[in-house]
K.L.:
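There's a structure below that I have some questions on.
Sequence positions, counted from 1, serve as the residue numbers for this chain.
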Amino acid sequence: MPIEFTHVPGKIHPADAGFFYDFVETATKLSLIGDAGFRKIVVDDQAGLLTNMDIAAQALDRTSSLEVVLTHWAGVIEPTVAARQLAALDAKSGGRLSLRMLSEPLSDDDAETRPAGHTAVWQRIDEYLVLLKRLWSNDRPFDHEGAFYSIKDGYVPRKGPHGADVTIRMGGQSGTALKVAGRHADIFELTPGSLDEIRQMMQRVRSAAAEHGRAGKLRFALPVRIRPEHNASGHKSVDVSGPPAQIALSLFPYAALGIHEFMIAGVDRPREIATAGRETIALLRNSLARREADVPQPGAFAPRTVREARAR
């Protein structure tokens, strides 16, 4: 499967209002991001969930190619309302919306809705996602009475183009988090670490997904921050720096583990975006393509006499 690249916008300097707040400039950047080889862009604003949904709608209006990854969490909006709004966004985008479920809210206001306790947080996410998928697929109203949500005559008349198959992205490290992600996640966002730590986490996630018959359906994404040389960020991402060829070489071992997507942060200026696409992304894709081409196919290098004997 070809490697994918997702752009994670950030602030260029501390006084910057954010990537999405000047939409004349944003439209130009979105076009540049798509041209550079990025397939997706993350919407993850500190203002909260409702702002994220508004930004996602505007971003989808301003690009016809990029998939918008909407950062989302349970508890702020009732599932029936959220299901309607998300289905409308998905329909408006022609199926270019994916849902990135976080366990922690982005703003203090949203934090007030968080239940106490790690297990309760993930139990609510689980119930929330079950209800979203049911609302996106049911053909008649239904009632629900659960630990966190009560629904009467729940129904979404206008489904999105993918129905209940909207791509769900999740992360986490605890056994509880992996249990919920194994049930729901299509893409698992890994926590940075050594190659061996990431390999072990991938195995844990696959095992959790296998309990639901989904191990083969799961893909993995790794957060990566491109930094100026000798300037580590301390962010929850793999930090890489140096010339584009060196950065591509640094990412190659992670791709070899079976990671399908790199979530790239730290390239927000037009020149940085263009350089990342023209050099880093292109170099890594070409290297991976050459590696796949060099993998021997079964029987491709069988001795000639053996092949001839079989042909007889």
K.L.:
Would you call Lys159 and Asp90 a salt bridge, taking side-chain N to carboxylate O under 4.0 Å as the test?
P.N.:
no

K.L.:
Quick one, Pro9 and Asp268 - any side-chain contact, counting heavy atoms below 4.5 Å?
P.N.:
yes

K.L.:
How many angstroms lie between CZ in Arg100 and OG1 in Thr6, if you round to the nearest 0.5 Å?
P.N.:
10.0 Å

K.L.:
Looking at CD1 of Ile55 and CG of Leu50, how far apart are the two atoms once the value is rounded to the nearest 0.5 Å?
P.N.:
11.0 Å

K.L.:
Salt-bridged, Arg214 to Asp186, with N to O below 4.0 Å?
P.N.:
yes

K.L.:
Mark yes or no for whether Arg96, through its side chain, and Leu60, through its backbone, hold a donor-acceptor pair below 3.5 Å.
P.N.:
yes

K.L.:
Under 4.5 Å between side-chain heavy atoms, hopping through other hydrophobics if needed: is there a path connecting Met263 to Leu190?
P.N.:
no

K.L.:
Arg285 side chain to Gly37 main-chain N or O, any donor-acceptor pair under 3.5 Å?
P.N.:
yes

K.L.:
I'd like to check Leu86 versus Val166 (side-chain heavy atoms, cut-off strictly below 4.5 Å). Are they in contact?
P.N.:
no

K.L.:
Could you pull out the closest heavy-atom pair between Gly34 and Leu66, with the gap in Å?
P.N.:
CA-CD2, 4.1 Å

K.L.:
What is the minimum heavy-atom distance between Ala164 and Ser137, and which atoms define it?
P.N.:
CB-CB, 3.9 Å

K.L.:
Less than 4.5 Å apart, any side-chain heavy atom of His260 and any of Glu4?
P.N.:
no

K.L.:
Is any side-chain heavy atom of Ile198 closer than 4.5 Å to one of Phe220?
P.N.:
no

K.L.:
Working to the nearest 0.5 Å, report the span between NE2 of His7 and CD1 of Ile273.
P.N.:
4.5 Å

K.L.:
Where do Ile187 and Leu218 come nearest, in terms of heavy atoms and distance?
P.N.:
N-CD1, 4.5 Å

K.L.:
Just how far is it from atom CD of Glu78 to atom CG of Leu131, taken to the nearest 0.5 Å?
P.N.:
9.5 Å

K.L.:
Suppose we screen for salt bridge (Lys or Arg N to Asp or Glu O under 4.0 Å). Which residues come up paired with Glu127, at least two apart in sequence or across chains?
P.N.:
none

K.L.:
Between Tyr254 and Met202, is there shared hydrophobic-cluster membership here, with clusters defined by ILVMFWY side-chain heavy atoms closer than 4.5 Å?
P.N.:
yes

K.L.:
For the residue pair Met170 and Val180, establish whether any side-chain heavy-atom pair is separated by less than 4.5 Å.
P.N.:
yes

K.L.:
May I ask you to test the Met101-His184 pair for a side-chain heavy-atom distance under 4.5 Å?
P.N.:
no

K.L.:
Just jot down the salt bridge (Lys or Arg N to Asp or Glu O under 4.0 Å) partners of Glu272, sequence neighbours excluded, or say none.
P.N.:
Arg269

K.L.:
Mind checking what makes side chain to side chain contact (heavy atoms under 4.5 Å, CB included) contact with Gln85, not counting sequence neighbours?
P.N.:
Met53, Ile77, Val81

K.L.:
Mind checking what makes salt bridge (Lys or Arg N to Asp or Glu O under 4.0 Å) contact with Arg204, not counting sequence neighbours?
P.N.:
none

K.L.:
So, taking the atom named OG1 in Thr167 and the one named CG in Leu70, what distance separates them when rounded to the nearest 0.5 Å?
P.N.:
12.5 Å

K.L.:
OG1 of Thr80 to CZ of Arg84: how many Å apart, nearest 0.5 Å?
P.N.:
6.0 Å

K.L.:
Are Ile41 and Val224 connected in the hydrophobic side-chain network, where two residues link if heavy atoms are under 4.5 Å apart?
P.N.:
yes

K.L.:
Same hydrophobic cluster for Ile33 and Val267, using side-chain heavy-atom links shorter than 4.5 Å among ILVMFWY?
P.N.:
yes

K.L.:
With side chains defined as the heavy atoms from C-beta onward, is the minimum distance between Val43 and Thr71 less than 4.5 Å?
P.N.:
no

K.L.:
Scan side-chain atoms only and decide if Asn52 and His72 contain a donor-acceptor pair under the 3.5 Å cut-off.
P.N.:
no

K.L.:
So which of Arg169, Lys40, Glu67 actually passes side chain to side chain donor-acceptor pair (under 3.5 Å) with Ser98?
P.N.:
Glu67

K.L.:
Under 4.0 Å between a Lys/Arg side-chain N and an Asp/Glu carboxylate O for Arg219 and Glu261?
P.N.:
no

K.L.:
Going by the angle between their ring planes, with limits at 30° and 60°, are Phe262 and Phe5 parallel, tilted or perpendicular?
P.N.:
tilted

K.L.:
Of the options Leu284, Ile3, Ile226, Ile259, which is the one that meets Leu251 in a side chain to side chain contact (heavy atoms under 4.5 Å, CB included)?
P.N.:
Leu284

K.L.:
Do Thr176 and His118 have side-chain atoms, one donor and one acceptor, less than 3.5 Å apart?
P.N.:
no

K.L.:
Determine the minimum heavy-atom distance between Trp122 and Ser103, stating which atoms define it.
P.N.:
CZ2-CB, 3.6 Å

K.L.:
Let me check something: do Ile168 and Val8 share a hydrophobic cluster, defined by ILVMFWY side-chain heavy atoms less than 4.5 Å apart, either directly or through other members?
P.N.:
no

K.L.:
Quick check: are there more than 12 heavy atoms from other residues, nucleotides or ligands sitting under 6.0 Å from NZ of Lys179?
P.N.:
no

K.L.:
Would you please name every residue forming a salt bridge (Lys or Arg N to Asp or Glu O under 4.0 Å) with Asp165, sequence neighbours left out?
P.N.:
none

K.L.:
Would you name the heavy atoms of Phe188 and Gly172 that are closest together and state the gap between them?
P.N.:
CZ-O, 3.2 Å

K.L.:
Using modelled atom types and a 3.5 Å cut-off, is there a donor and acceptor pairing between side-chain atoms of Arg124 and backbone atoms of Ala74?
P.N.:
yes

K.L.:
If only atom types and distance count, is the side chain of Gln246 paired as donor or acceptor with the main-chain N or O of Ser241 below 3.5 Å?
P.N.:
yes

K.L.:
Of all the heavy-atom pairs spanning Pro161 and Gly94, show the shortest one and how long it is.
P.N.:
CG-C, 4.0 Å

K.L.:
With a cut-off of 3.5 Å and sequence neighbours excluded, list every side-chain donor-acceptor pair involving residues 146-156.
P.N.:
{"unit_1": "Tyr149", "atom_1": "OH", "unit_2": "Gly75", "atom_2": "N", "d": "3.3"}
{"unit_1": "Ser150", "atom_1": "OG", "unit_2": "Glu145", "atom_2": "OE1", "d": "2.7"}
{"unit_1": "Ser150", "atom_1": "OG", "unit_2": "Glu145", "atom_2": "OE2", "d": "3.4"}
{"unit_1": "Lys152", "atom_1": "NZ", "unit_2": "Asp143", "atom_2": "OD2", "d": "3.4"}

